[in-house]
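Report on the following structure.
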Amino acid sequence: MSNSFDKPYNPKDVEEKIYEFWEKSGYFNPDNSPQNSELKSQSFSIVVPPPNITGSLHMGHALNATIQDILIRKKRMEGYKTLWLPGTDHAGIATQNVVEKDLKKQGISRHDLGKEKFLEKIWEWKEKYGHIILNQFKKLGASMDWSRTRFTMDPDYQEAVKKVFLHYHEKGWMYKAERIVNWCSRCATSLSDLELEYKEVESSLYYIKYPIKSDPKLRIHPNDPNEPEYITVATTRPETMLGDSAVAVNPKDEKYKSLVGKTLILPIMEREIPIVSDFLIDASFGTGAVKVTPAHDFTDAEIGERNKLEIHKIIGQNGRMTSEAGAICDGLKISECREKVIEELQKLNLIEKIEPYKHNVAVCYRCDTVIEPLPSLQWFLKMGELAKMAIDEVKSGRVKFHPQKWEGVYLNWLENVKDWCVSRQIWWGHKVPLLKCASCDEFLIEPKIKSHWFIIRHGETDWNKEQRWMGHEEIPLNETGRKQAKEAAGQLKGKNIDLIISSDLARCKETAEIIAEELKAELIFDTALRERHGGIAQGTTKDERITKLGEHLVNALGTYEGKPEGGESWQDLEKRVLESFNRHKSDHKHKNVIIVSHGGSIRMLKKNINNLSFEDAKQNVPKNTEITELLISEEKCKKCDSDILTPENDVLDTWFSSALWPFATLGWPDSKDFKDFYPTQVLSTARDIINLWVARMIFSGVEFTGKQPFSDVIIHATILTKDGKRMSKSLGTGIDPMTLIEKYGADATRFGLIWQAMGGQDIHWAEEHVMAGKKFCNKIWNATRFVLQQIKDIKIQNTEYQIQDTNLSEADKQILEKFKNTKESVSNQIDAFEFGQALHDLYEFFWKDFCDVYLEASKQQLTTDNQKQTTQQILFYVLASSIKLLHPFMPFITEEIWQNLPAHHSFSEGGTVENKKALIVENWQ
RNA sequence: GGGUGAUUAGCUCAGGGGUAGAGCGUUUCCUCGACACGGAAAAGGCCACAGGUCCAAAUCCUGUAUCACCCACCA
């Protein structure tokens, strides 16, 4: 250590050097630090809330890290086996978005790269930038055990996630279901409720008239001219009317009572829909009658379920209208569709009025895109039992929140929680470890996959557009068709295709050739993959067929056995393509294969692969170049003996893996660290993830280890701007802690943060307190300079002074008394997580009592012979002891000073002069 | 719509039935052997508003207003 005590104190000369000193000492690692013999078996551990690898340190992180460091440093000095475990979170959607944006600068999308390559890019990105935030923790002085750094995508962590998922699956708590979920069309994934944000928008409330079916038999008072001819509904989303399956009113609403059960004609769609009653309807809103769109609204879905209403999916996952929305809206963006619908309704004179209306819309917390509720197939975790466990942990007091008021937030959420949608349709994340059998509902656990097969329909032809039966006619692709083929090839890039097997008819042949060219794969043809032969029906549209053959015969063609003259039946087709598929499958089982075929043939293949009824299979016409992926498995389904599995591309919600953080990082289920350090003691975090993270850690901990993962949860203050607004990067109102450290030093920054963190109250950030911290550093530094000058030539003795000692002056007694009190109160305050108060008291003591009063008094006493020695000893004792108390708050300057003090003793160990220790492991008492 | 909290010196905040406190800022004086990133002093507040309880209210109670954050998301 340097012994240059220059003024003023300059943190830049000290901080880097001291941090290196600590790292070299190995004391951050509990295996190396000296433990107090009395406490040998007791450990104290905290796992850091893992920051996202995309993140950089913000004020909240800095405050939180300082809080944890204070606790950790004090416990370490007290002799506990102390571990503070660092790490980072893979942060699924957030990271994927960041890397996507990064690639976009080079004009590349993730689809250009393909999944495997894109994931490689993310790993590269993580290696390059993922540790930035950890280094920033170091700058702040965080005494984390870097040798135990974890990442939520580490191999053993992935194992833990898998184990947890399968455990839930076995318990029957994990299920896959089609439900309405929050869908972000930009991220193309589902989101949990907690991942939404709400924005107020100025929009309109549309009052739309739905005509009541004018069947005289349905009229209650046939002769009453006042009986209404329509019912008016109010909506902010007129476009969703295309998917309406009812109008609902409150059962107690007298106004509408007589209309329940009647039938309406849904405008534009010309569909008959019922009027139903449901208690969820608020009679006082709008007209009291509400349109019900079960596919695209959470409340409506509930009403739909209760009333057994039809579901019309009119909005697709790409954020555009589907074909179910009707010909005039198919393919339109939602906003375009809204205009179109209003235009149509106005033409029909069915808009009663339009009122301006303010309301909230849900947006994606990552990309701000408006969320569409829509039905999709997702994995859910049943929350019933888990929520009960989590509630019990807190109600029993095994887990305590500080401040306690946050228990309310926690309990309120858990008591109303719905099942957790844990799947996400993105690429970066933990995989679902199950694959579903293609032909039944059995799941296989991580089966070995021999090969990937893709079935693809040919591109568009002109006859497709005219809906002419092509059969075996040689129709070439049109321009759209060729483009589609190219795009499909792009999607299949990176799938390591070995072989393409195609029908030899022109439209397939061309498609296959384009794909083969792009993928450089071998191409063979098989006449058995041809389309159903249409005989005399070939080349006709449906209308032409009816004219030519008569309706009765045409209907017969749609049956399983029916065949046109000179053509094939569906049954014939099925037999032929299935035989072909099975032959190729056994010939090429270890090759990745693309089969290019036709709409009819593919339907018959799928009938067998997916074990569908003939009718279901026939209904499900693949679009041009639509790709179906199949996995050929080593092992067969136990239930139905099939070896074809459906791909599972979903990954898990980031929070599913972070929920395991306190034990998965410690080598659960069985390791020395897990035994030594689990459960941890304290978790310190921000309030906005109480439910997102803390609640889920608590039930995961209990379910998998039988113990609460931590006993105290500190919810630290939120740091706001001076005006009390949320700090935001995009608005430029955020403050970078690194700038503060650069400007004032890490100790001053920590001082400023903790100084303002009183009682968990939100902090309106004021930089002047960091300035005060810097001045305080200087004060400590200079007080040390003074004391060192005064004790140059003396030998330091044990200084356990009795305050009653008659040799002591009033000033001596007072400072010793005050120090004793301060030491006690600071210890207690840290243990009670009252860090701000502890720091205020320390500041007050050191500056006022020690410097302003005692130090000044000592100047006089030092000139008096019979007081000199005692004064010297007291000066040293109080200074050195204060340095210890200050160390958790301001570690750098205190360690630097400690290293410059003369050989001294550990005050609690009987006053023997020991070899100098690092302050970080000095005895607290 | 529901909840939680805040409202005290110019600014950021402590306090909590009985003379109103800190940091920063402001003013005056002080370069005296720790420190001018300092010292000594000083100015500055009907403690949001209105009622109530009490001998006594900034503090407890009830309302009101404003601000903030969280939860819900009802067309």
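Just the heavy atoms: all of them, side chains too, but no hydrogens, waters or symmetry mates, feed the values below. A, B, ... follow the sequence lines: proteins, then strands. Residue 1 opens every chain.
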### Query
Contact class for A/Tyr843 vs. all strands (heavy atom < 4.0 Å): base, sugar-phosphate, or nothing?
sugar-phosphate
### Query
Which base, if any, makes a Watson-Crick or G-U wobble pair with B/G44, both distances under 3.5 Å?
none
### Task
Test A/Tyr256 against every option in A/Ile231, A/Ile275, A/Asn250 by the side chain to side chain contact (heavy atoms under 4.5 Å, CB included) rule and name the one that passes.
A/Ile231
### Task
Pick the C1' atom in B/G44 and in B/U4, then give their distance to the nearest Å.
33 Å
### Message
Any side-chain N or O of A/Trp755 below 4.0 angstrom from OP1/OP2 of B/A14?
### Response
no
#### Entry: d(CG, A/Asn360; P, B/C74) in whole Å
10 Å
### Whole-angstrom distance between B/G33 and B/A14, as gauged at atom P
41 Å
### Query
A/Tyr357 near the nucleic acid: base, sugar-phosphate alone, or nothing, with a heavy-atom cut-off under 4.0 Å?
sugar-phosphate
### Query
Ignoring hydrogens and angles, does a donor from either the side chain of A/His764 or the base of B/U12 sit under 3.5 Å from an acceptor on the other?
no
## Note on the structure
Re B/A50: Watson-Crick or G-U wobble partner, both distances kept under 3.5 Å, found to be B/U62
### Query
Could you state the CZ-C1' distance from A/Arg785 to B/G33, rounded to the nearest angstrom?
10 Å
#### Entry: Test: A/Glu415 and A/Lys395 ion pair at under 4.0 Å
yes
### Message
Using a heavy-atom cut-off of 4.0 Å across all strands, would you classify A/Leu205 as base, sugar-phosphate, or nothing?
### Response
nothing
### Query
Considering only B/C37, B/A34, B/U12, which nucleotide approaches the side chain of A/Lys774 most closely?
B/C37
### Message
For a quick check of understanding: with a heavy-atom distance under 4.0 Å over all strands, which category does A/Gln756 fall into, base, sugar-phosphate or nothing?
### Response
sugar-phosphate
### Query
Considering only the P atoms, how many Å lie between B/A56 and B/G51, rounded to the nearest integer?
16 Å
### Task
Report the nucleotide, chosen from B/G25, B/U12, B/A34, that has the shortest atom-to-atom distance to any side-chain atom of A/Lys859.
B/A34
### Query
Where do A/Lys405 and A/Glu407 land on the salt bridge (charged side-chain N to carboxylate O under 4.0 Å, His left out) test, with the steps shown first?
CA-CA 5 Å; A/Lys405 63 175 177 180; A/Glu407 283 177 9; over 6 Å; no
### Query
For the pair made of CG in A/Asn182 and P in B/A72, what is the distance, rounded to whole Å?
11 Å
### Query
Taking CH2 from A/Trp765 and C1' from B/U12, how many angstroms apart are they, rounded to a whole number?
11 Å
### Query
Which one, B/C13, B/G23, B/C11, comes nearest to the side chain of A/Lys722?
B/C11
### Message
If you take the centroid of each ring, where Trp contributes its six-membered ring, are A/Tyr843 and A/Phe751 closer together than 6.0 Å?
### Response
yes
### Message
Taking B/G10 as the reference, what is the distance to B/G45 when you measure between their C1' atoms (whole Å, please)?
### Response
11 Å
#### Entry: Sugar-phosphate only, base, or nothing, as touched by A/His840 at under 4.0 Å among non-hydrogen atoms
nothing
### Query
Can a salt bridge be assigned to the pair A/Glu844 and A/Lys818 using a cut-off of 4.0 Å between side-chain N and carboxylate O?
no
### Query
Rounding to the closest angstrom, what is the interatomic distance between B/A34 and B/A40 at atom P?
14 Å
### Message
Can you tell me which residue among A/Phe786, A/Tyr9, A/Phe846 is in a ring-ring contact (aromatic ring centres under 6.0 Å, His included) with A/Trp781?
### Response
A/Tyr9
### Message
Regarding A/Ala772, tell me which of base, sugar-phosphate or nothing describes its non-hydrogen contacts under 4.0 Å with the strands shown.
### Response
sugar-phosphate
#### Entry: Any-strand Watson-Crick or G-U partner of B/U31, both distances under 3.5 Å
none
### Proximity to the side chain of A/Glu768 - top-ranked nucleotide from B/A34, B/C71, B/C24
B/C24
### Query
If you look at every strand shown and take non-hydrogen atoms under 4.0 Å, does A/Cys777 touch a base, only sugar-phosphate, or nothing?
nothing
#### Entry: C1' atoms of B/A57 and B/U19, separation to the nearest Å
15 Å
### Query
Which listed nucleotide (B/G23, B/A34, B/G38) is nearest to the side chain of A/Phe786?
B/A34
### Message
For the P atoms, the ones on B/C30 and on B/C69, what distance do you get once it is rounded to whole angstrom?
### Response
49 Å
### Query
B/G5, B/C35, B/G38: which one has an atom nearest the side-chain heavy atoms of A/Glu856?
B/C35
### Message
What's the separation between atom CG in A/Asp282 and atom OG1 in A/Thr299, rounded to the nearest 0.5 Å?
### Response
11.5 Å
### Query
Ignoring hydrogens and angles, does a donor from either the side chain of A/Asn412 or the base of B/C71 sit under 3.5 Å from an acceptor on the other?
no
### Task
Write down the partner of B/A56 under the Watson-Crick or G-U wobble criteria, each distance required to be under 3.5 Å.
none
### Selected nucleotide, minimal atom distance to A/Gln789 side chain, candidates B/C70, B/G5, B/A34
B/A34
### Message
Among B/A22, B/A68, B/G5, which nucleotide has an atom closest to any side-chain atom of A/Leu720?
### Response
B/A68
### Query
How far, in whole Å, is B/U62 from B/G23 if one measures between their C1' atoms?
36 Å
### Task
Name the pairing partner of B/A36, where a pair is Watson-Crick or G-U wobble with both distances under 3.5 Å, or state none.
none
### Task
Run the salt-bridge test on A/Asp762 and A/Arg687 with the 4.0 Å N-O cut-off and return the result as yes or no.
yes
### Task
Select one nucleotide: of B/A14, B/A72, B/G39, the one nearest the side-chain heavy atoms of A/Asp852.
B/G39
### Query
For A/Phe850 and B/C35, what is the distance between atoms CZ and C1' respectively, to the nearest whole Å?
13 Å
### Task
If B/C24 has a Watson-Crick or G-U wobble mate with both distances under 3.5 Å, name it; if not, just say none.
B/G10
### Task
Could you please name the partner base of B/C74, counting Watson-Crick and G-U wobble pairs only when both distances are under 3.5 Å?
none
### Task
For the side chain of A/Val409, starting at C-beta, report the closest nucleotide among B/A14, B/C74, B/C70.
B/C70
### Query
Applying a 3.5 Å limit to both distances, which nucleotide forms a Watson-Crick or G-U wobble pair with B/U4?
B/A68
